[in-house]
Protein chains: 2
Amino acid sequence: MKPATALPAQKNTRASDISDSQLRGLFGYNLKRSFSALQVDLLEVLSKFDLRMVPFSTLVMIVENPGLRQSQLADALAIERPNLVVVLDALERRELITRDRVPTDRRAYALRATLAGHQLFEKAYRAVQTHEARYLDRLTTAEREALSSALNKIRATFEETGE
Amino acid sequence: MKPATALPAQKNTRASDISDSQLRGLFGYNLKRSFSALQVDLLEVLSKFDLRMVPFSTLVMIVENPGLRQSQLADALAIERPNLVVVLDALERRELITRDRVPTDRRAYALRATLAGHQLFEKAYRAVQTHEARYLDRLTTAEREALSSALNKIRATFEETGE
DNA sequence: TATTGTTATACTCTATAACTATA
DNA sequence: TATAGTTATAGAGTATAACAATA
């Protein structure tokens, strides 16, 4: 490919006249664009519960693993411990979770969801499942399985050296 | 599911003792985790060319669409015009692209890649393809096609009302 | 010494309002 | 009046260093 010399500028063209086949040829780019589009809808769903993605994931993990410690949780969610602190502060302030000292290790906190936390989890999780159905309904069973398998392989490729 | 009352804290368990099946049951979460893992590797590849994801995508689009205008480019990349300005400033400062006034519309700039820009594009694009091969090699043809098709359907689901 | 949680901080990405110059 | 590009700014998300309390 040679450099442009004195070619005319693109006129007042519609977006459809712009080609992006080189970027579309990259799976990573498609992954990002698809997730970005999905994220807009997901954030709107979560906003009804005053939640964003990380606080939602955090609540789900605490409900599923009562007594979990902060560093275990940060590990499981692949977020840095300092960033988790502010998320937990907010959830605790809303009385959705509790932080109880662990008697056998007084450095650590055992995380648990309150009744309100469990109730919010139930409602929010169901709403997210409805959001997911919006696109999963359009996929065949084979596509869902292949998507799931492919995502797992991608993660395994890049996490195996990193963990 | 009822709230925790007086359960013991999780002991010094390994990460494998923590369950995340509820989050893993959400495709959106898997999409995010897989892309995050991929991104770490991709950013490392791009750093060899002093590029990040958006500047790379920007360069690819300008090479493929010489004479493109900034607002067309922002549209195609789905990024806000103000954010594109600083990206283009940096690429222009490095003499990878040029901004030429469009004679027929003196508000607009026609974007083109310089020789150095084309050369950097060629090297960076090949490096990204090598990065992509790291995980694509592990996918079957059926998986690649299903992944591609699934991603397109996800994007279509959430962009059709938004555009 | 090492680990848990914390504070402070900084960098990136993204989004919006408001301006200028042109149309 | 509307559009192209710009400036300034603010909100999220993410990453690291360094500290106090505890192991």
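Worth knowing before you read on, the calculation uses all heavy atoms, side chains too, and leaves out hydrogens, waters and symmetry mates. Quick note on labels: first sequence line is chain A, next is B, and so on, each numbered from 1.
Nucleic acid contact class of Glu80(B) (heavy atoms, under 4.0 Å, all strands): base. Using a 4.0 Å heavy-atom criterion, one finds that Arg101(A) contacts no nucleic acid atom at all.
Going from atom CG of Leu84(B) over to atom P of dT7(D) covers 13 Å, rounded to whole Å. In this structure, CG of Leu51(B) is placed 12 Å from P of dC13(C), rounded to the nearest angstrom. A straight line from CD1 of Ile97(A) to P of dG5(C) spans 12 Å, rounded to a whole angstrom. For the pair Asp50(A) CG and dA12(D) P, the computed distance is 10 Å after rounding to whole Å. Rounded to a whole Å, the CD atom of Gln39(A) is 10 Å from the C1' atom of dG13(D). At whole-Å resolution of the value, CE in Met53(A) and C1' in dG13(D) are 11 Å apart. Distance CZ (Arg81(B)) to P (dA18(C)): 17 Å, rounded to an integer number of Å. If you measure from atom CG of Asn83(A) to atom P of dA8(C), you get 15 Å, rounded to the nearest angstrom.
Between Asp89(A) and Arg107(A), the residue whose closest nucleotide on DNA chain C is further toward the 5' end is Arg107(A). If you find the closest nucleotide of DNA chain D to Ala78(A) and to Arg106(A), the one lying nearer the 5' end belongs to Ala78(A).
Side chains of Phe27(A) and Leu147(B) form a contact here, defined as non-hydrogen atoms less than 4.5 Å apart. Using a 4.5 Å heavy-atom threshold, the side chains of Ser148(A) and Asn152(A) count as touching.
Checking the phosphate oxygens (OP1, OP2) of dC13(C), no side-chain nitrogen or oxygen of Lys32(A) falls inside 4.0 Å. Dashed line: the shortest gap from a side-chain N or O of Arg52(B) to OP1 or OP2 of dC13(C) is under 4.0 Å. In this model, the phosphate group of dT3(C) is not approached by any side-chain N or O of Ser71(A) to a distance below 4.0 Å at OP1 or OP2. Taking only side-chain nitrogens and oxygens, Gln70(A) comes nearer than 4.0 Å to OP1 or OP2 of dT6(C).
Between the side chain of Asp105(B) and the base of dA4(D), no donor-acceptor pair of N or O atoms lies under 3.5 Å.
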key: Intermediate values then yes/no, side-chain hydrogen bond (donor to acceptor under 3.5 Å, both in side chains), Glu64(B) and Ser19(A)   = CA-CA 7 Å; Glu64(B) 188 173 353; Ser19(A) 57; 3.2 Å; yes
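Note: Phe121(B) and Tyr125(B) have tilted aromatic rings, judged against thresholds of 30 and 60 degrees for the angle between ring planes.
Leu111(B) approaches Arg69(B) most closely through the heavy-atom pair CD1-C, 4.1 Å.
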